There are 2 protein chains.
Amino acid sequence: MEKFDYSTLSFKSLKTLKLIYEQGSLTAAAIELGQNQPTVSYTLEQMREALQDPLFVRSGRGVAPTSRCHQIMPEIEKLIRGMSELLQPENFEPVSARLDITLSCNQYELQVIVPNLVQRISRLAPHIRMTFIQSHVSGHQQLQRGQCDFLLSPVIHDYEALYQRALFQDRYVCLISTVHPLARQQIGRDDYIAAKHLEIHYEGGWKPFYLSAPELQGTNLNIALRLPSVSNFLSTIAGTELVITLPERLAHQIGGAMQIKEPPFSSRFELCLYWNKMTHHSKAHQWFREQIIEVCRELDSPEQGLRGK
Amino acid sequence: MEKFDYSTLSFKSLKTLKLIYEQGSLTAAAIELGQNQPTVSYTLEQMREALQDPLFVRSGRGVAPTSRCHQIMPEIEKLIRGMSELLQPENFEPVSARLDITLSCNQYELQVIVPNLVQRISRLAPHIRMTFIQSHVSGHQQLQRGQCDFLLSPVIHDYEALYQRALFQDRYVCLISTVHPLARQQIGRDDYIAAKHLEIHYEGGWKPFYLSAPELQGTNLNIALRLPSVSNFLSTIAGTELVITLPERLAHQIGGAMQIKEPPFSSRFELCLYWNKMTHHSKAHQWFREQIIEVCRELDSPEQGLRGK
DNA sequence: GTGCTGTAATCAAATTTTTCCATAATAGAT
DNA sequence: ATCTATTATGGAAAAATTTGATTACAGCAC
């Protein structure tokens, strides 16, 4: 006598059993199922073997459930309901959804995108817990390893395993003190090269895009100061004659009273949202992606955001 | 795009999914299942179709679950557990079991068996609720229709659809007042026929067995009084000269001070327990049948019963 | 980059399971 | 006792699962 394994049983068997129970007849159950009677008989035979009980016995015109059958029928119905629910398309309600989402990005995105994003999410989906980690230079790795759900980055990650969506463009500008000699004139290439610069040097040795602008090739900038991040740099360099080259949106946010000037080169770049296969089909993540996109759209037309209030 | 029906899915699919999840690899899952890798791949493909999600994506050496997969895995585990429990052999613990059992019988059994049975069951299985109904003459019908779980009856029900078990034998005796003229002598056939009788007439026109004793054929008993039941008959007939013919065990129980005399015929009969296919395999009912048998055994040797206390 | 390695996906063939049709057995009902 | 409605059984047909061989793919080492 071989030991019975639940694996061989299917939900169809359970459904059949339930129908026999409800109809009190194999024939009726067969019609209901669109099968013919021997098929139902065969299925019942399997279940009898599995459960070691006749389950139904002939009685009048039809069959009557045994004591065991009565006993297990609630459990069977529970299993059937469970399976139907499993097949329900994932439903996601922002207001009630509880889940964790991890985003990887760097200083720029933390400064430019994240504040608005956090505002928006905690308003629309208060039970989503967000975690932000630093990308440094390995954002794509983090994403591929599942260490984060999303990556916000201007770097082009052209792995085909990754999905991406452009969010907005930005470009580098120069930020100088209003009392700087260059403050009243256009900055030419020679002015720029001659000036003293503040350079933000990132972990992992990443170099800002503007350094690869064709106009600057073959030159050596006069770096007077290096800082590891833009945070709090204003007070650090107040009154100095340093030139800081940084993305325009960042300049607007943290430039304070300093003057924004056109640099002697053009270096546009695009900020992208990246995600991977693991979250691609998830309704929750789909919604979250839309929120990021919407937040970025509002950056370009801020008044739009208030309408939704 | 056809709508998906849970019926096509089996528990094996769920088990496979769970194993892939645990192992992070189709190959490993296949080995665990004793199948080969394309089989697992095929099963996964089915589930992907059903759940409309990749469930697992290639990642490093193996696969990583998607967000949806993480989400549904607890539910899948619940379903697997539910199914395993369903296949567990029915377990029955008298002390904790809650169930209803209906027994059909008549006055005789209510008087002779039921008191001890109720005592025993409420001691061993306090949560079994017993219901007693009257058999009248249709006990076998009640049983076949599932109106009761057990029938206690001396009548031979030789339907092959019914199971039966002999419990004990009994025979008819005469009960007379101690001051009756016959009280000091053996009752002969002529004495019996000449005497005035109390007859219990049952519903449905059922006639007691002793009336079909060969010794009484062709005779007419002198019936002086008919009662519909033996209950309380003692006070009714106190001091009269009536002869009452009734089963010995009943006579002992309700005869009070009256005298038990050998009748001028022999009429043994057997009391049986009957049940049907519906309850035959049920552990609870099996146990209950044993209790009935035990109670009846103790009727013949009452001191045995006390030892168990 | 290029090849190497371990893994998942795909394909056609073999196998097993399920379904079907016809028919026998069975239990109530007339 | 016969009739009728129903379940069980047996063999053939259909469908599904499983297999082995192969291809495609992603990560890793060089």
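The shown structure was predicted, so the numbers you read here are calculated from the model rather than taken from an experiment.
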*asked:* Both B:Ser59 and A:Phe56 contact DNA chain D. Which one's nearest nucleotide lies toward the 5' end?
replied: A:Phe56
Just how far, in rounded Å, is [atom2] of [N] from [atom1] of [X]?
| X | N | atom1 | atom2 | value |
| --- | --- | --- | --- | --- |
| A:Gln46 | D:dA8 | CD | P | 14 Å |
| A:Leu26 | D:dA8 | CG | C1' | 9 Å |
| B:Ile31 | C:dA8 | CD1 | P | 10 Å |
| A:Gln141 | D:dA26 | CD | C1' | 14 Å |
| A:Tyr42 | C:dC21 | OH | P | 17 Å |
| A:Gln23 | D:dT6 | CD | P | 12 Å |
| A:Gln37 | C:dT19 | CD | P | 13 Å |
| B:Gln35 | D:dA16 | CD | P | 18 Å |

For [X], which contact category applies under a 4.0 Å heavy-atom criterion: base, sugar-phosphate, or nothing?
| X | value |
| --- | --- |
| B:Val40 | nothing |
| A:Arg58 | base |
| A:Glu45 | nothing |
| B:Thr27 | sugar-phosphate |

*Among the nucleotides C:dA8, D:dT18, C:dT19, which one has an atom lying closest to any side-chain atom of B:Lys12?*
D:dT18
*Which nucleotide, D:dA8, C:dT7, D:dT19, lies nearest any side-chain atom of B:Arg61?*
C:dT7
Closer than 4.0 Å, any side-chain N/O of [X] to the OP1 or OP2 of [N]?
| X | N | value |
| --- | --- | --- |
| B:Arg48 | C:dA8 | no |
| B:Thr43 | D:dT17 | no |
| A:Thr39 | C:dC20 | yes |

*Taking atom types as modelled, is there a side-chain donor on B:Ser153 or B:Ser135 under 3.5 Å from an acceptor on the other?*
no
*What do you reckon, are the aromatic ring centroids of B:Phe92 and B:Trp287 less than 6.0 Å apart?*
yes
*Out of B:His280, B:His285, B:Gln164, which one pairs with B:Trp275 under the side-chain hydrogen bond (donor to acceptor under 3.5 Å, both in side chains) rule?*
B:His280
*Applying side-chain contact (heavy atoms from CB on, under 4.5 Å) between A:Val40 and each of A:Ile20, A:Leu19, A:Ile31, report the one that passes.*
A:Ile20
*Whether B:Tyr108 and B:Phe269 hold their rings parallel, tilted or perpendicular, with breakpoints at 30° and 60°*: perpendicular
*In terms of the nearest nucleotide of DNA chain C, which residue is placed more toward the 5' end: B:Gly24 or A:Asn36?*
B:Gly24
